[in-house]
Amino acid sequence: MSNMVSIERAEFLSKIPFFSEVSKASLVKLSDHISEETYVKNETVFKKGDEGHAMYVIANGAVKVHDKEHIYHTFESGHCFGEYALIDNDTRSASITALEHTRVLKIERAHFMELMKSDSGFAQGILAVMIKRHRELDAIQERLASSKQAVEMANSQLNGLINGAMDAIIMFDSQYKIVLTNASANKLLENEDTKHRNLLFFLAEESARMLQDIVSSETSKGSTNTYLPNIIKVIGSNETETINEGTISTYGNDDHTYYTLILRNIEDRINAEETITLLTKKTEYLEEEIQELTSSYGIIAEDQSMKSVLNLIHQVAKTDATVLIQGETGTGKELVARAIHKESKRNDKPLIRINCGAIPANLIESELFGHEKGAFTGATASRKGRFLLADKGTIFLDEIGELPLDLQPKLLRIIQEGEFDPVGSSETLKVDVRIIAATHRNLLEFSKAGKFREDLYYRLNVFPIEVPPLRHRGNDIHYIAEEMINQFSKKLNKPQITLSDNDKTILKSYHWPGNVRELQNLIERAVIVSQNGIINWQSIIPNERSETKLSSETATDQILSAKQLIALEKENILKALKQTRWKISGKNGAAELLQIPPTTLASKIKALQIERPV
């Protein structure tokens, strides 16, 4: 080989890390005995298991280090491989194959060892590289040791996190075999030795099917992390059943897939939610009660007919007797029921109201007695009935005559035995409820006509109270009206309105078919349209808008003289002028109140010598 070629190869070798500490002169000696080989693409340089006797340096091209189809590494120009064959006789640990047209320099072991013996500079350079590699290996080992310690610390922290978690963490494989659990999971499963056991054995049948469906569907998607769509019921080794919610995630590779199931016991939360729902219902009812109490006007009873009702309330309130309140619509039967409850020993418990005529027949049973989830179409959750809400308190059944016949035996059972079965449930519930019923119908006639159970009528009619209609309550009409006017004036920020004797007569002369409820509605309308504290009642009172009538003292068969008629007319005009604050014409004027033309009224004022007081 020419000296020039040896020098060029020596220059090339000096850039190879394995020969970086060897002198140029020694590398020239090595180059004198280096052979050159060329390989085409996919040609094997040597195979795994071949005897090693030389190392190779890639001059140009590229090779792959592999074991059959598995590739460990690829080398390009400037890299060397097979160097351990220079110092031992071990067989090759991997195969080398050209990735493209490749030229390599081949260094035989025999010549390498000869130079190591004869050329101290060459041996010293190779040893320096080996020592450098050894030191680098020590540094790598130190880093590995440090990394191992960090990994152990991280693993310890992770174990502490997992085992300290309140949620149950269960890892299992594709065959549902448990591979890892934390302390909470062992407690949930009631088993300290769950490893390699089938997770499905710890689940209720429906929950096991759900988990299998999720695993089957998620496996095709690869890595996933999802919430369980439904609750999962776990049955521990001691047969304890718990209701849980949770998430499931997957990890692993194509060969091995694992799943992490995280479960949280929600029984306490469900119980709390049911309690909250019950309390919310009670709160809603109590808020309605408060609203009714703050917007009602109490029971005003100056007339003897209503005083008799109050006397009956006082007599029955302290007992637990069932009360049947009868009276026309709008007479205040609910106020009577409230008064009974307020004076009873149950007044610290709720008064639950239900209008039997306002709820559809197909829903009233559920409303009264409650239902279980799935009891009927649309029953997506269990519901507490109003009888259960009224436990230890009072229930007011308004319009009891509208209660469907098929439900009346159930009500009779509560009255007689204090128990009932919710819709869709076989469980019998006991309640302690006082029943107050109200109706505007004649239940006795209803029962004779087959529209109401006679035995239920007698059970309800233990203590009957008849509320008189408003038209039979005499002066109570204007007392109630004045109270309502005061309330609505404050609420609507209107001037205070005073009822004149003529106003009271107009109110008493009306028949009031809607009773107190109609009076309340008309009073509110009157206050809204009032002007400067004046109300034209004849434009408010419906039906017969009769002329202002004489007072009860003059409404007799007495025949009046001409002078008396003139005096009576003068007094009537003066009342109209005072009520309208001496406004003669226009809206809400005295002429409109008297229903005569303003010019006629002006002539009468002049003729009767009526003067406005200073």
Side-chain angles (χ1 to χ4, degrees), residues 151 154-277 371-383 424-425:
V151 169
N155 186 54
S156 176
Q157 292 172 339
L158 182 60
N159 286 335
L161 179 64
I162 292 174
N163 288 317
M166 298 295 290
D167 294 341
I169 302 175
I170 304 171
M171 296 183 184
F172 61 96
D173 62 18
S174 57
Q175 302 301 314
Y176 302 98
K177 293 295 191 297
I178 298 173
V179 297
L180 178 67
T181 57
N182 68 343
S184 296
N186 293 337
K187 183 178 179 181
L188 180 69
L189 302 177
E190 297 181 320
N191 198 310
E192 296 293 331
D193 185 22
T194 58
K195 199 169 183 180
H196 302 308
R197 297 197 178 192
N198 193 315
L199 173 62
L200 301 180
F201 292 161
F202 291 95
L203 306 181
E205 184 176 350
E206 184 178 351
S207 298
R209 283 200 305 268
M210 178 188 71
L211 188 63
Q212 287 176 303
D213 291 341
I214 293 173
V215 169
S216 299
S217 62
E218 298 297 336
T219 298
S220 59
K221 301 178 184 178
S223 179
T224 186
N225 189 352
T226 184
Y227 283 98
L228 297 178
N230 298 309
I231 61 172
I232 190 163
K233 182 183 288 187
V234 175
I235 304 174
S237 294
N238 297 331
E239 301 298 325
T240 302
E241 296 185 4
T242 55
I243 303 300
N244 304 268
E245 65 179 5
T247 61
I248 187 170
S249 57
T250 63
Y251 66 97
N253 51 39
D254 295 337
D255 298 326
H256 301 285
T257 302
Y258 296 92
Y259 303 86
T260 300
L261 182 65
I262 300 178
L263 299 175
R264 174 173 294 177
N265 190 319
I266 58 172
E267 286 187 327
D268 290 342
R269 192 179 76 192
I270 290 175
N271 292 335
E273 287 175 352
E274 289 182 351
T275 302
I276 290 171
T277 300
H371 65 256
E372 292 298 313
K373 179 180 179 181
F376 51 84
T377 302
T380 56
S382 298
R383 179 174 182 174
S425 173

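Please read all numbers here as calculations on a predicted model, not as lab measurements. The basis for the numbers below is simple: all heavy atoms, side chains too, and nothing from hydrogens, waters or symmetry mates.
In this structure, the side chains of I170 and L189 come closer than 4.5 Å at one or more pairs of heavy atoms. With contacts defined as side-chain heavy-atom distances shorter than 4.5 Å, the pair I248/F172 qualifies. Side-chain contact check for L228 versus L263: some heavy-atom pair is nearer than 4.5 Å. Side-chain contact check for V215 versus Y176: some heavy-atom pair is nearer than 4.5 Å. The shortest side-chain heavy-atom distance between R209 and E205 falls under the 4.5 Å cut-off. Inter-residue side-chain proximity for I243 and K233 is flagged as met; some heavy-atom pair is nearer than 4.5 Å. No side-chain heavy atom of R269 sits less than 4.5 Å from a side-chain heavy atom of R264. Inter-residue side-chain proximity for P229 and I214 is flagged as met; some heavy-atom pair is nearer than 4.5 Å.
Around CD of E206, the count of heavy atoms belonging to other residues, nucleotides or ligands within 6.0 Å does not exceed 12.
Note: M210 CE to N230 CG = 6.0 Å, rounded to the nearest 0.5 Å. In this structure, the separation between CD on Q175 and CG on D173 is 6.0 Å, given to the nearest 0.5 Å. Once rounded to the nearest 0.5 Å, the distance linking CG of L200 with NZ of K177 reads 9.0 Å. Note that NZ of K195 and CG of L180 are 7.5 Å apart. Values are rounded to the nearest 0.5 Å. Atom CG of N182 sits about 4.5 Å away from atom CD1 of I169, to the nearest 0.5 Å. Distance check: L188 CG to T242 OG1 gives 4.5 Å after rounding to the nearest 0.5 Å.
E372 and S425 make their closest contact through CG-CB, 3.4 Å (heavy atoms, listed as atom of the first residue, atom of the second, distance). N191 and R197 make their closest contact through ND2-NH1, 3.1 Å (heavy atoms, listed as atom of the first residue, atom of the second, distance). Residues I178 and T181 come closest through the heavy atom pair CG2-CG2, 3.5 Å. The shortest heavy-atom contact between T260 and M171 is OG1-CG, 3.7 Å. The two residues S237 and F202 come nearest to each other via the heavy atoms OG-CE2, 3.6 Å. For the residue pair A185 and A168, the shortest heavy atom distance occurs at CA-CB, 3.5 Å.
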Going through the distances and angles, do L203 and V234 end up as a side-chain contact (heavy atoms from CB on, under 4.5 Å)? CA-CA 5 Å; L203 306 181; V234 175; 3.9 Å; yes
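T240 and N238 form no side-chain donor-acceptor contact under 3.5 Å, judged by distance and modelled atom types alone.
Taking the side chain to side chain contact (heavy atoms under 4.5 Å, CB included) definition, one finds that I235 meets it with A204, E239, E241, sequence neighbours left out.
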